There are 2 protein chains.
Amino acid sequence: MATGRTHRPATRSRGIPEATVARLPLYLRALTALSERSVPTVSSEELAAAAGVNSAKLRKDFSYLGSYGTRGVGYDVEYLVYQISRELGLTQDWPVVIVGIGNLGAALAGYGGFASRGFRVAALIDADPAMTGKPVAGIPVQHSDDLERIIEEDGVSIGVIATPAGVAQQVCDRLVAAGVTSILNFAPTVLSVPDGVDVRKVDLSIELQILAFHEQRKAGEEAGAESAVLPPAPAPYQAPETDAASASGDAAGGKGGRKGPDGDVPAVMPA
Amino acid sequence: MATGRTHRPATRSRGIPEATVARLPLYLRALTALSERSVPTVSSEELAAAAGVNSAKLRKDFSYLGSYGTRGVGYDVEYLVYQISRELGLTQDWPVVIVGIGNLGAALAGYGGFASRGFRVAALIDADPAMTGKPVAGIPVQHSDDLERIIEEDGVSIGVIATPAGVAQQVCDRLVAAGVTSILNFAPTVLSVPDGVDVRKVDLSIELQILAFHEQRKAGEEAGAESAVLPPAPAPYQAPETDAASASGDAAGGKGGRKGPDGDVPAVMPA
DNA sequence: CAGTGTGAATATTTTCACAGCA
DNA sequence: TGCTGTGAAAATATTCACACTG
């Protein structure tokens with residue numbers, strides 16, 4: 001029941017904007033560092049600098065949580081650590097399973113920051129029988145046959161998928177069926193999940209591609225900063241080798257009429 | 001020269017909104033999959049579904065690139081793959097160095113999607129002399145003493161930092177000094193870089209914390225979906241054990257006046 | 001009087017809805 | 001007729017600037 005009531009309202013939580021939620025962990029980390037150095041208070045300016053944002057944004061963000069500062073002074077570090085932790089739900093600890101103990105899964109299992117704040121690696125799961133029982137980062141790998149049992153027994157609600165893309169969806173389905181409602185996906189695939197399940201994605205090559213885009217822009221900026229509205233690259237479009245289907249007459253036809261900035265490419269034309 | 005001219009305008013590139021740039025890799029991946037299955041054309045609806053976004057957004061995104069579709073038909077897959085690749089700068093290939101070959105660095109080195117589209121691992125670099133020469137994912141690790149030489153010789157402009165947080169900033173500084181202008185940072189630290197250098201961050205524990213936030217909300221939603229505007233958790237604030245500094249009289253003082261939603265915590269009070 | 005908290009202004013992103021074209 | 005391309009509206013997010021307060 002309760003599947004798909006509203007369209008997808010779960011994104012926006014209470015009053016706190018999603019963009020703010022995404023920054024809270026950042027503030028928390030900066031605050032934790034201050035706390036370890038026994039710094040009693042910080043101003044929004046200082047904290048913002050440590051977190052890499054600007055102070056107006058930080059103050060606005062905090063204003064959604066409540067009025068936790070002291071005018072003319074700043075914020076009490078310990079107090080704020082507590083408040084943000086609570087807001088993020090880190091005062092309880094969350095058992096997490098990692099599925100797919102390859103290179104990446106092993107790296108995740110050994111990641112210190114994982115265990116440190118609020119999260120506990122409840123189990124490592126892999127489909128390879130050769131891995132079963134082998135300890136990784138001190139935790140024995142369990143076979144994926146036991147996935148459902150593990151999740152239920154430990155009350156796991158957060159799953160991390162570090163499998164190859166090909167099996168990510170089916171792993172996801174099993175996790176969800178077993179009761180997991182939040183998934184962190186490292187596999188380069190779009191996962192489809194029912195309403196009420198949150199998925200966050202971490203994708204290497206996407207990040208690199210975004211960097212490449214900006215990198216390319218910088219390269220094109222060498223001459224004439226103002227007038228440099230030239231296209232990324234005038235490289236010619238390589239003929240698309242339409243194998244089998246759609247060879248004659250259809251598709252790849254009327255591309256001449258595009259009105260993109262410029263950098264026109266020769267219209268497609270099968271040899 | 002050219003350091004810090006404008007405040008930081010580099011974020012917004014040409015006409016293409018940043019949010020759109022961030023989705024282009026997603027579209028590209030979906031299109032590549034279609035291309036491999038020799039699908040000649042897709043509608044915005046189909047492609048959007050494959051990429052996990054809605055079709056209006058996708059069409060709007062594509063409209064920034066130019067008019068690459070055919071009304072009544074859809075988009076030519078090959079043609080669009082080419083256009084997006086070009087826009088992202090993937091028609092050239094980018095040599096990348098990975099610094100810090102621990103668990104994570106090794107995982108990154110072996111990540112297939114890395115090499116596949118436009119990126120080439122030019123070098124693996126680690127500070128540990130015991131690693132030097134050891135092949136990881138088929139590539140011999142080089143010592144960090146050679147970092148500057150490697151970057152210059154290979155013309156590397158993208159660096160990946162997978163070191164412990166403690167040394168990330170100094171690695172970053174060396175990369176930048178040697179000519180790297182885009183950095184993908186896996187270390188849980190805020191890097192500070194000069195103007196003109198792009199940093200993207202991938203952070204495990206931040207992602208988990210965001211999931212935890214939403215997870216917590218779900219848990220609190222059990223009864224009374226409407227009226228459930230209750231605070232995350234009424235857990236009491238643990239007295240902050242102000243060691244040494246600021247023990248008496250100051251800080252942690254006037255917290256009673258906060259006007260946060262509710263869930264008041266007992267004011268701090270040293271025993 | 002230094003520094004928070006926040007309305008108001010601005011900028012960006014998403015969504016709608018439909019004109020226009022193949 | 002079906003689907004793109006896009007103005008315009010709505011929703012979000014960021015930034016400004018300043019009243020207010022400890």
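If you're wondering where the values come from, they're calculated on a predicted model, not measured in any experiment. Labels below follow one simple rule: chain letters A, B, ... track the order of the sequence lines, proteins then strands, and each chain is numbered from 1.
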Mind calculating the distance between CZ (A/Phe62) and P (C/dG3) to the nearest angstrom? 16 Å
Under 4.0 Å from any atom of DNA chain D, heavy atoms only: list the residues of residues 50-60 of chain A that qualify, in numerical order. A/Asn54, A/Lys57, A/Arg59, A/Lys60
Spacing between B/Asp61 atom CG and C/dT13 atom P, to the nearest angstrom: 10 Å
Are B/Asp198 and B/Ser182 close enough, and set up right, to give a side chain to side chain donor-acceptor pair (under 3.5 Å), and what steps lead you there? CA-CA 5 Å; B/Asp198 273 306; B/Ser182 287; 4.7 Å; no
Using only side-chain N and O atoms of A/Tyr75, determine if any of them is under 4.0 Å from OP1 or OP2 of C/dA2. no
Please confirm whether the shortest side-chain N or O distance from B/Ser44 to OP1 or OP2 of D/dC3 is below 4.0 Å. no
Under 3.5 Å side-chain donor-acceptor pair for A/Asp61 and A/Thr20: yes
Under 3.5 Å side-chain donor-acceptor pair for A/Thr189 and A/Gln169: no
Atom CG of A/Leu47 and atom C1' of C/dT4: how far apart are they, to the nearest Å? 13 Å
Is there a donor-acceptor contact under 3.5 Å from the side chain of A/Lys201 to the main chain of A/Leu184? no
Below 3.5 Å is the cut-off: list the nitrogen or oxygen pairs between protein and nucleotides 20-22 of chain D, distance only.
unit_1 : atom_1 : unit_2  : atom_2 : d
D/dC20 : O2     : A/Arg71 : NH1    : 3.2

Criterion side-chain hydrogen bond (donor to acceptor under 3.5 Å, both in side chains) against B/Ser44, the qualifying member of B/Arg59, B/Lys57, B/Lys60: B/Arg59
Rounded off to whole Å, could you give me the CG-to-P distance for the A/Leu80 and C/dT4 pair? 11 Å
Give the rounded distance in Å between these two atoms: OH of B/Tyr68 and P of D/dG5. 11 Å
Is A/Gln209 reaching over with its side chain to a backbone N or O of B/Leu88, donor-acceptor style, under 3.5 angstrom? no
Separation of atom CG in A/Asp76 from atom C1' in C/dT4, rounded to whole Å: 15 Å
Ring center gap for B/Tyr68 and B/Tyr79 short of 6.0 angstrom: yes
Please confirm whether the backbone N or O of A/Glu215 pairs with a side-chain atom of B/Trp94, one donor and one acceptor, at under 3.5 Å? no
When you measure from the side chain of A/Glu46 to the backbone N and O of A/Ser43, does any donor-acceptor pair fall under 3.5 Å? yes
